[in-house]
Amino acid sequence: MTDNKKLLLIDGHSVAFRAFYGLHSQLERMKNRNGLHTNALYGFHNMLEVIVDKEKPTHALVAFDAGKTTFRHKYFEEYKGGRSKMPSEFAEQIPYMKDLLKGFGLKSYELPDYEADDIIGTLAREAEEKGFEVVVLTGDRDLTQLASDHVRIDITKKGVKDLKEHTKDSIQEEMGITPEQIVDMKGLAGDASDNIPGVTKIGEKTALKLLHEYGSVENLYEHIDEMKKSKRKEYLIDEKETAFLSKKLATIDRDAPVEISLDELDYDGQDMEALISFYKEMDFNSHLSKLDTTDYMEELAEELTEIDSTFVEEIDASMFKDGMALYTEMLDENYHHSEIICVAWGNKDNVYVADPKTVFQSDAFKNWIEDEAMQKVVYDAKQTYVALNRNELTIKGISFDIMLASYLLTAEDSSSGDLVDVAVKHDYQGVSPDEMVYGKGKKISRPEDESRMHDHLARKVLAINTLSETLDKELKENEQEDLLKKMELPLAMVLAEMEIQGITADAERLEKMKGEFQETLDRVEKQIFKEAGEEFNINSPKQLSVILFEKMGYPVIKKTKTGYSTAQDVLEKLRDQAPIVEYILEYRQISKIQSTYIEGLLKVIDPETSKIHTRYLQTVARTGRLSSVDPNLQNIPIRLEEGRKIRQAFVPREKGWKIYASDYSQIELRILAHISEDEHFIKAFNDDEDIHTTTAMRVFDVDDASKITPNMRRDAKAVNFGIVYGISDYGLSQNLNITRKEAKEYIDTYFERFPGVKTFIDEIIRQAKEQGYVETLFHRRRYLPDINSRNFNLRSFAERTAMNTPIQGSAADILKMAMIEMNKRIKEEKMQATMLLQVHDELIFEVPEAEIEKLEKLVEEVMENTVQLSVPLKVDSSYGDSWYDAK
DNA sequence: AGCGAACTCT
DNA sequence: CATGAGAGTTCGCTT
């Protein structure tokens, strides 16, 4: 051996198929969050890991079969006939193989008309001629014919990671023939699995005997006359053609027109980024956590080309130009509390980095920030606004936000808050993750070497600058420019003001409630322990299920992945037979209020101002809705009286003022009416009818509204909801506690009576399948990669998303526009009323008594008329001394 | 530190 | 076969 080159060739399909059956018993357990089976991918992954680690190849390739037919079918149509169809659980995993291979840094190759065997055979020959060692990984014994002095064939055994190695010698020893003779063997004996016929009455034993005597099929027929007369000889003579054909079929073509050269196959290890995203996609969390990313991180850092930036201790006006990018660095994501630790700004010509102390003392900086005419581009306009506001600066003239732009373009989660995610998503590699500079978890801190931080920030500024141009172009191509510049960006400013304003919370009220709820909890807890006959942690579903289903022996109604379900709907079914569950339900309800709402809210009230400042996340919800965190003020209880009382703690900032709430009535169904153009729906809304009653009348075929019972209306309401969410008969039956058949009848009648809705659903799904995404009324997009998936769950989910997103998303768009307009009008009118909160279809204000009438008129005018649909939009308003009383 | 179950809202 | 949209927080429990 003159050199150490080693080529690893993998028979992709056969190895994956072996992996699939190797982990077949795990089939139902191994699914990702979307319901995609992952057992073949998992097994294949582990095999790759083992073989790559063991062999340390210098070159590698994974070969696949291309299409159904190969050149062999020309000679023999039935080749590989009689094979049963691939199970769909396996087939659905195939498209993801390429992601797995990408992660391993392995190239793959297929060749029309040829099988993977031929590709492998050809490359193995070439490589051996050039002095390589060759290892072939396959699940298929056929490949053993390729074994030679420098070619070894590894075949997967039943256990997933076990391999059996086949060398020229081991084959000779086990089979008694050379690897080359294996095809002669098949010529005579055939191969049932590939539907290769062979010669009648000749099996492996006979073939072996014949081959020992004659060596090959060709030689056998040359000397066939010397064979003494026998039935076998007759068969051999009669089926001479078949024997040659069979040999030909079984022979791997070692001279296939493979157009990839060995040089291209050099292997340089895993592609960390691709591997991480593959693990995430498949929910391979154990792999994810054991991944050693330090090498990768260092590598990334080295890859960054050097950039120029200036750390400045004195600032002057010459450092600011129109169109520059600006970034303010904070270590905690909650910008209401987190300190700015460094500031950077600049463009492609100059990047400046400075300490906040320097920046906030500078008049030149202040002039630039507050000059509307000087445009700035940023990452996260709202964060930037709030951060500067806390330093007595009001930023004006933000013209672009790459975080918002990226969200509009891909509607993918960029909530990690790290600019690097957005950059990488748009193929910009010049910036590193925050984690690399500041560390992660509890250890997040300023780097000791300050210059590292300065460089990091300078890179962010350059990234913002560069990406703002490319993303702007992409937005224009998608007709989404207005969505950014007239909706999301102005909204970011409005939200910033709302967050900074905050809502006043009455801590004393909460403290008082806390005491009362604690008494209830103690009392209910005692009763539960008495019924159970022992003490345990009621908050632990695991301990609770032991008590309920094992100790007390109540029937199990539903199971979760990890054990018995003790969810609300399950407990409600046990209510009649199990007195204890009544107490458990009460305990759960109250303890949720206590921990999340009372104790949780008390923790986030600013003791100085008595205010709560939530943060609205503008780039999380895939439909375009906002979400609210730290705390979430969009899920304050209302349905049950006990929880609703929490709202008494939300009060106006001044005595004598009121909390004023306005919500859109049935906005989603009105949008459905508008988009679907269903005449019955449109008429009902134009006539201001009660939509659920009208639905009930049509579905139950009743001609008089007075004959609609509350139950009929309730059912109709559930169906209307179901339509908006993308209904299934099963889901509706669960919801209404009726049979699946009855639910199906409801749905069928509904579609019959509202044909426009049916047409809308069919049409939106068709459109989604064709273009791969759906849009709201205002061009907000959501891509649906699974809409044509062969996996039922994935596809169904995408179909429901296709119908729900235009509805939910258009409602979100309308609210956003109304908020921008309201903010503007309140300022124009110089009102004291203040917009405080948004809860998906409602806006909450605080208002002086004297302005109530004016606000009422303004809110209605704005909310009902910001957008004109083919049905009217209707707003219901109310006010009171607290949020509780605004009902 | 991260996940799943349970709960809250529109 | 599995089975209604979009979110966030808290808890217990495992790593």
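The basis for the numbers below is simple: all heavy atoms, side chains too, and nothing from hydrogens, waters or symmetry mates.
Using a 30° and 60° split on the angle between ring planes, A:H692 and A:F721 fall in the parallel class, below 30°. In this structure, A:F681 and A:F685 have parallel ring planes: the angle between them is below the 30° cut-off, well short of the 60° mark.
Each of B:dA6, C:dT9, C:dA2 was ranked by its minimum atom distance to the side chain of A:F792; first place goes to C:dA2. Closest approach to the A:Q543 side chain among C:dT3, C:dC13, C:dG4 is made by C:dC13 (side chain taken as heavy atoms from C-beta onward). In the set B:dT10, C:dA2, C:dT9, the nucleotide with an atom closest to the side chain of A:N632 is C:dT9. Between B:dT10, C:dG6, B:dT8, one nucleotide has an atom nearer to the side chain of A:R782 than all others, and that is C:dG6. Between C:dG4, B:dT8, B:dA1, one nucleotide has an atom nearer to the side chain of A:K442 than all others, and that is B:dA1. Side-chain atoms of A:N793 lie closest to C:dA2 of the nucleotides C:dA2, C:dA7, B:dT10. Here the side chain of A:T596 is nearest to one of C:dT10, B:dA6, B:dC9, namely C:dT10.
Interface remark: the A:R740 side chain does form a donor-acceptor pair with the C:dT3 base, using a distance-only criterion of under 3.5 Å. If you check distances only, the side chain of A:R625 does reach the base of C:dG6 with a donor-acceptor pair under 3.5 Å. For A:K592 against C:dT10, no side-chain N or O and base N or O form a donor-acceptor pair under 3.5 Å.
No engagement by A:Q734 is indicated, since no non-hydrogen atom pair under 4.0 Å with the nucleic acid exists.
Across the P atoms, B:dA6 and C:dC1 are found 25 Å apart, a figure rounded to whole Å.
Counting non-hydrogen atoms of other residues, nucleotides and ligands closer than 6.0 Å to CZ of A:F529 gives a total above 12. With a 6.0 Å radius and a threshold of 12 heavy atoms from other residues, nucleotides or ligands, A:Y879 has its OH atom at or below the threshold.
Lacking a ring centre under 5.5 Å from that of the base six-membered ring together with a plane angle below 30°, A:Y725 does not count as stacked on C:dG4.
Straight-line distance from the CD1 atom of A:I584 to the P atom of B:dC7: 11 Å, rounded to whole Å.
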